[in-house]
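All remarks here apply to the structure that follows.
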Amino acid sequence: IALEKGELKLNGSKMTPMADSSFLLADGASLKFVLDNDGKPTGAQIDNDGTIIQLTAREEWKPTAADLTSFAGEWYSDEARAGFTIAVESDILFLVQHPVLKMNLRPLYKDHFGGQGGYVLWVTRDATGKVDKFHVTASRMRDMPFVRVR
């Protein structure tokens, strides 16, 4: 959830405020924030026709240049039979798939990034803490793992 140009958005889609303090989402579901005793949001509940999805608030992550460099490289998925490049330019992380896609990946929280169109990417690490897989989720894809090939 982010504030963009004065509008709250969930994964890039506008959240419309409603009179009951909830928000109408683009898919017709409603979202209501869960507040602590001081009125600070600690999470949210999405109600999609009786199916409830719980969200937990996380602090924004501000990775260092060294953090970003650890993600750079060539990534490939046997399942998708596709690959992409993660590149760092001026302390900004990009997913690049030639010849047409260059998507800015904005840090969400530790090791998680958001991209245009509702993409969410995150990494897993091996026992030594080294990034070993990139995982991609989008509208029609859930947890597609990519391994570093270079």
Side-chain angles (χ1 to χ4, degrees), residues 1-5 7-18 22-34 41-150:
I1 297 174
L3 183 63
E4 296 177 8
K5 297 180 183 174
E7 292 181 332
L8 276 180
K9 294 190 176 184
L10 175 65
N11 294 334
S13 295
K14 181 179 175 183
M15 297 169 52
T16 304
M18 306 300 287
S22 69
F23 291 84
L24 181 64
L25 304 179
D27 64 0
S30 67
L31 179 144
K32 190 157 191 140
F33 286 101
V34 177
T42 59
Q45 292 182 334
I46 297 175
D47 185 341
N48 191 359
D49 249 353
T51 300
I52 305 296
I53 299 170
Q54 302 284 344
L55 304 177
T56 302
R58 300 275 190 218
E59 291 296 320
E60 182 179 8
W61 178 46
K62 297 187 190 278
T64 66
D67 291 331
L68 294 178
T69 301
S70 72
F71 304 119
E74 303 287 325
W75 298 86
Y76 185 80
S77 169
D78 286 331
E79 184 178 347
R81 296 181 189 254
F84 57 79
T85 300
I86 296 292
V88 180
E89 296 176 16
S90 302
D91 294 337
I92 299 172
L93 202 64
F94 289 93
L95 181 148
V96 181
Q97 198 171 36
H98 293 290
V100 294
L101 179 64
K102 184 175 183 181
M103 184 184 346
N104 178 348
L105 300 178
R106 72 182 187 291
L108 298 173
Y109 52 93
K110 179 82 170 131
D111 290 344
H112 290 70
F113 300 88
Q116 300 147 289
Y119 280 86
V120 176
L121 296 91
W122 70 97
V123 298
T124 52
R125 297 175 180 273
D126 65 17
T128 68
K130 183 178 175 187
V131 174
D132 66 352
K133 289 184 185 165
F134 241 103
H135 301 263
V136 180
T137 292
S139 64
R140 295 183 181 174
M141 173 177 43
R142 297 280 186 263
D143 192 9
M144 178 74 66
F146 287 76
V147 295
R148 190 188 308 260
V149 292
R150 202 174 12 204

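Closest approach of Leu68 and Asp91 over heavy atoms only: CD1-O, 3.3 Å. Pairing each heavy atom of Val96 with each of Lys102, the nearest pair is CG2-CG, 4.1 Å. Contact between Gly83 and Gln97 at its shortest, heavy atoms only, is O-NE2, 2.9 Å. Taking each heavy atom of Met103 and Tyr119 in turn, the nearest pair found is CE-CD1, 3.9 Å. Shortest non-hydrogen contact noted between Trp122 and His112 is CB-CD2, 3.3 Å. What you find for Asp27 and Ala29 is that their closest heavy atoms are OD1-N, 3.0 Å.
In this structure, Phe23 and Leu10 have side chains that are not in contact, with every pair of non-hydrogen atoms separated by 4.5 Å or more. Side-chain contact between Met15 and Lys9 is absent, with no heavy-atom pair separated by less than 4.5 Å. Taking the side chain as every heavy atom from C-beta outward, Arg81 and Tyr76 approach each other to under 4.5 Å.
Note on ring orientation: taking the six-membered ring where Trp is involved, the planes of Phe113 and Phe71 are perpendicular (angle over 60°, cut-offs 30° and 60°).
Atoms OG1 and CG, from Thr124 and Asp111 in turn, are 9.0 Å apart once rounded to the nearest 0.5 Å. Considering CG of Leu93 and CG of Leu105, their distance stands at 5.0 Å, rounded to 0.5 Å. Taking CG of Leu95 as the reference point, atom CD1 of Ile86 lies at 4.5 Å (rounded to 0.5 Å). Between the CZ atom in Phe33 and the CG atom in Leu8 there is a gap of 5.5 Å [rounded to 0.5 Å]. Residue Asn104 holds its CG atom at 10.0 Å from CD of Glu89, rounded to the nearest 0.5 Å. Rounding to the nearest 0.5 angstrom, the gap separating the CG atom in Leu101 from the OG1 atom in Thr85 is 10.5 Å.
Although no hydrogens or angles enter the test, the distance criterion places no donor-acceptor pair under 3.5 Å between the side chain of Ser77 and the main chain of Ala82. In this structure, the side chain of Arg148 does not engage the main chain of Phe134 through any donor-acceptor pair within 3.5 Å.
Evaluation of the salt bridge (charged side-chain N to carboxylate O under 4.0 Å, His left out) rule for Lys133 yields no partner, not counting sequence neighbours.
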### Query
Does the pair Arg58 and Leu108 meet the rule for a side-chain contact (heavy atoms from CB on, under 4.5 Å), with working shown?
CA-CA 8 Å; Arg58 300 275 190 218; Leu108 298 173; over 6 Å; no
### Worked check of side-chain contact (heavy atoms from CB on, under 4.5 Å) between Lys130 and Asp132
CA-CA 6 Å; Lys130 183 178 175 187; Asp132 66 352; over 6 Å; no
### Query
Going through the distances and angles, do Trp75 and Val131 end up as a side-chain contact (heavy atoms from CB on, under 4.5 Å)?
CA-CA 11 Å; Trp75 298 86; Val131 174; 3.7 Å; yes
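No more than 12 heavy atoms of other residues, nucleotides or ligands shown are found within 6.0 angstrom of CD on Glu79. Within 6.0 Å of the CD atom in Gln54, the count of heavy atoms belonging to other residues, nucleotides or ligands exceeds 12.
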